[in-house]
Student: 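Mind having a look at this structure? Questions to follow.
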Amino acid sequence: PTLEDFQGYEGCNEILNVTRPDVVRSVHDAYLAVGCDAVETNSFGANLANLGEYDIPERTYELARAAAEIARAACDEWSTPDKPRFVLGSIGPGTKLPSLGHAPYAALRDAYQQCARGLIDGGADALLIETCQDLLQCKAAVVGAKRALAEAGETLPIIAQVTVETTGTMLMGSEIGAALVALAPLGIDVIGLNCATGPDEMSEHLRTLARSAGIGISAMPNAGLPELTADGAYYPLSPQELADAHDTFTREYGLGLVGGCCGTDDRMITQLARQWARTGP
């Protein structure tokens, strides 16, 4: 994509939803072609903080809805009676943490509501609140999503995924047990982890959720811990290693939704789909 495609907002990938939907669609198609069951919308940055950096926070609904419409069209085309495909509406955290006073809770909540409403109106099957580093921020997103669903008269599932660092806690110091206690009563349908680490580092946290959670569990690990190289970040996990990890997570911990975050690509989903086709999830 050119700078013109970004409408001058270099690095704002959500702009491509309205200027280059073909580019966004090609990414969805690449994953659907190798057998994934669900794709995320290109709306991770459709929030107050990210769009605020470009002075366009008022475009949150527009860009979120366009993202969902692109993914919806892709999933509808790839769906079959035996293998339906699903759209997960991505709601990213942004860079403002309310617990640190970066932004008011109410302002964040209302912006998340706009994003969620756009995703709902665009045809998302579920709302995925992901990469949460601050439980108050995650609460704002869940409440915003709940308000958007009520406003639209819909009852879509809500998935909330937190990010646990290599220190064993979220950025604000909360452990996975605290996340479960804080978020489950809000009425979410699935709790999980994504980003920051690979599956090995997530294992004990997922084990804790498996023992304690009365709701569904998900995981989207990175392709291992990133290693900084001259060519940028390198993720060392192989497709087989990710597939094996998810095999353990689904069989031993009862996870119902697994995928990949940073460093994963269609090769990894290919291996995962092949392995599950042989053995079943």
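Residues: numbered from 1 along the sequence shown. Side chains included, hydrogens not; waters and symmetry mates left out as well; all remaining heavy atoms used.
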Student: Do Asn47 and Thr60 come close enough that some side-chain heavy atom pair is under 4.5 Å?
Tutor: no
Student: Indicate if Val142 and Leu180 have the same hydrophobic cluster label, given that clusters are the connected sets of ILVMFWY residues with side-chain heavy-atom separations under 4.5 angstrom.
Tutor: yes
Student: Just by distance, with hydrogens left out, do Thr131 and Asn194 show a side-chain donor and acceptor under 3.5 Å apart?
Tutor: yes
Student: Is there a donor-acceptor pair closer than 3.5 Å between any side-chain N or O of Arg85 and the backbone N or O of Cys36?
Tutor: yes
Student: Hydrogens and angles aside, do Asn50 and Glu14 bring a side-chain donor and acceptor to less than 3.5 Å of each other?
Tutor: no
Student: Could you tell me the separation between the CG atom of Leu193 and the CZ atom of Phe249, rounded to the nearest 0.5 Å?
Tutor: 9.0 Å
Student: Quick check for you: to the nearest 0.5 Å, what is the distance between Ile129 atom CD1 and Leu88 atom CG?
Tutor: 12.0 Å
Student: Hydrophobic cluster membership, with links at side-chain heavy-atom distances under 4.5 Å among I/L/V/M/F/W/Y: are Leu237 and Val258 in one?
Tutor: no
Student: Judged by modelled atom types alone, do Ser26 and Asp29 share a side-chain donor-acceptor pair under 3.5 Å?
Tutor: no
Student: Write out all pairs satisfying side-chain hydrogen bond (donor to acceptor under 3.5 Å, both in side chains) with one or both partners inside residues 118-128, taking only residues at least two apart or from two chains.
Tutor: Tyr61-Asp121, Arg72-Asp125, Arg117-Asp121
Student: Going by atom types only, do Asp134 and Ser99 share a side-chain donor-acceptor pair under 3.5 Å?
Tutor: yes
Student: May I ask you to test the Ile176-Val162 pair for a side-chain heavy-atom distance under 4.5 Å?
Tutor: yes
Student: For Ile15, what are the other residues in its hydrophobic cluster, where any two members join if their side-chain heavy atoms are less than 4.5 angstrom apart?
Tutor: Tyr9, Val18, Leu51, Tyr54, Ile56, Leu63
Student: For Ala148 versus Ala116, what's the shortest heavy-atom pair and its separation?
Tutor: CB-CB, 3.7 Å
Student: With a 4.5 Å limit on heavy-atom distance, are the side chains of Cys195 and Glu130 in contact?
Tutor: no
Student: For a 4.5 angstrom cut-off between non-hydrogen side-chain atoms, does Leu171 reach Leu97?
Tutor: yes
Student: Do Pro157 and Leu127 come close enough that some side-chain heavy atom pair is under 4.5 Å?
Tutor: no
Student: Less than 4.0 Å between a side-chain N and a carboxylate O, is that true for Asp37 and Lys83?
Tutor: yes
Student: With rounding to the nearest 0.5 Å, note down the distance linking CG in Leu209 to CD1 in Ile215.
Tutor: 8.5 Å
Student: Return yes if a side-chain donor-acceptor contact under 3.5 Å exists between Tyr253 and Ser203, otherwise no.
Tutor: yes
Student: When you look at CD of Glu4, are more than 12 heavy atoms from neighbouring residues, nucleotides or ligands closer to it than 6.0 Å?
Tutor: no
Student: Go through Ile158 and Leu149 one step at a time and tell me if the side chain to side chain contact (heavy atoms under 4.5 Å, CB included) criterion holds.
Tutor: CA-CA 10 Å; Ile158 295 178; Leu149 287 166; 3.8 Å; yes
Student: Any idea which heavy atoms bring Pro239 and Arg267 closest together, and the distance?
Tutor: CG-NH1, 3.6 Å
Student: Linking I/L/V/M/F/W/Y whenever their side-chain heavy atoms sit closer than 4.5 Å, directly or via other members, would Met220 and Val39 fall into one cluster?
Tutor: no
Student: Could you walk me through whether Gln275 and Leu272 pass the side chain to side chain contact (heavy atoms under 4.5 Å, CB included) test, one step at a time?
Tutor: CA-CA 5 Å; Gln275 187 157 320; Leu272 194 59; 5.8 Å; no
Student: Work out which heavy atom in Ala233 is nearest to a heavy atom in Tyr235; give both atom names and the distance.
Tutor: CB-CE1, 4.0 Å
Student: Could you go step by step and tell me if Glu53 and Lys96 meet the salt bridge (Lys or Arg N to Asp or Glu O under 4.0 Å) rule?
Tutor: CA-CA 11 Å; Glu53 293 177 1; Lys96 307 299 184 184; 5.7 Å; no
Student: Do Gln137 and Tyr105 have side-chain heavy atoms sitting under 4.5 Å apart?
Tutor: no
Student: Regarding Glu151 and Lys146, does a basic nitrogen lie under 4.0 Å from an acidic carboxylate oxygen?
Tutor: no
Student: Does Ile159 form a side chain to side chain contact (heavy atoms under 4.5 Å, CB included) with Leu257? I'd like the steps, not just the answer.
Tutor: CA-CA 10 Å; Ile159 305 161; Leu257 179 66; 3.7 Å; yes
Student: Verify whether one side chain among Gln161 and Ser218 offers a donor that lies under 3.5 Å from an acceptor in the other.
Tutor: yes
Student: Looking only at non-hydrogen atoms, find the nearest pair between Val164 and Ala196 and report the distance.
Tutor: O-CB, 3.7 Å
Student: Just do the side chain to side chain contact (heavy atoms under 4.5 Å, CB included) check on Met170 and Thr163 with the steps written out, would you?
Tutor: CA-CA 6 Å; Met170 297 170 64; Thr163 295; over 6 Å; no
Student: Compare all side-chain heavy atoms of His28 with those of Glu40 and state whether any distance is below 4.5 angstrom.
Tutor: no
Student: Quick one: pull up CD in Gln133 and CD in Glu165 and give me the separation to the nearest 0.5 Å.
Tutor: 6.5 Å
Student: Would you check if Pro21 and Leu16 make a side-chain contact, meaning some heavy-atom pair closer than 4.5 Å?
Tutor: no
Student: Between Asp265 and Met268 (side chain of the first, backbone of the second, donor and acceptor by atom type, cut-off under 3.5 Å), is there such a pair?
Tutor: yes
Student: Closest approach of Asn17 and Ala67, non-hydrogen atoms and distance?
Tutor: ND2-CB, 3.3 Å
Student: Asp5 side chain to Thr2 main-chain N or O, any donor-acceptor pair under 3.5 Å?
Tutor: yes
Student: Is the side chain of Tyr31 donor-acceptor paired with the backbone N or O of Ala38 at a distance under 3.5 Å, no angle test?
Tutor: no
Student: Verify whether one side chain among Glu58 and Gln114 offers a donor that lies under 3.5 Å from an acceptor in the other.
Tutor: no
Student: State, to 0.1 Å, how close Ala273 and Val34 come at their nearest heavy-atom pair, and which atoms those are.
Tutor: CB-O, 3.5 Å
Student: Measuring from atom CD of Gln113 to atom CD1 of Ile120, what distance do you get when rounded to the nearest 0.5 angstrom?
Tutor: 9.0 Å
Student: Applying ring pair (Phe, Tyr, Trp, His ring centres under 6.0 Å), name anything that partners Phe44, two or more places apart in sequence or on another chain.
Tutor: none
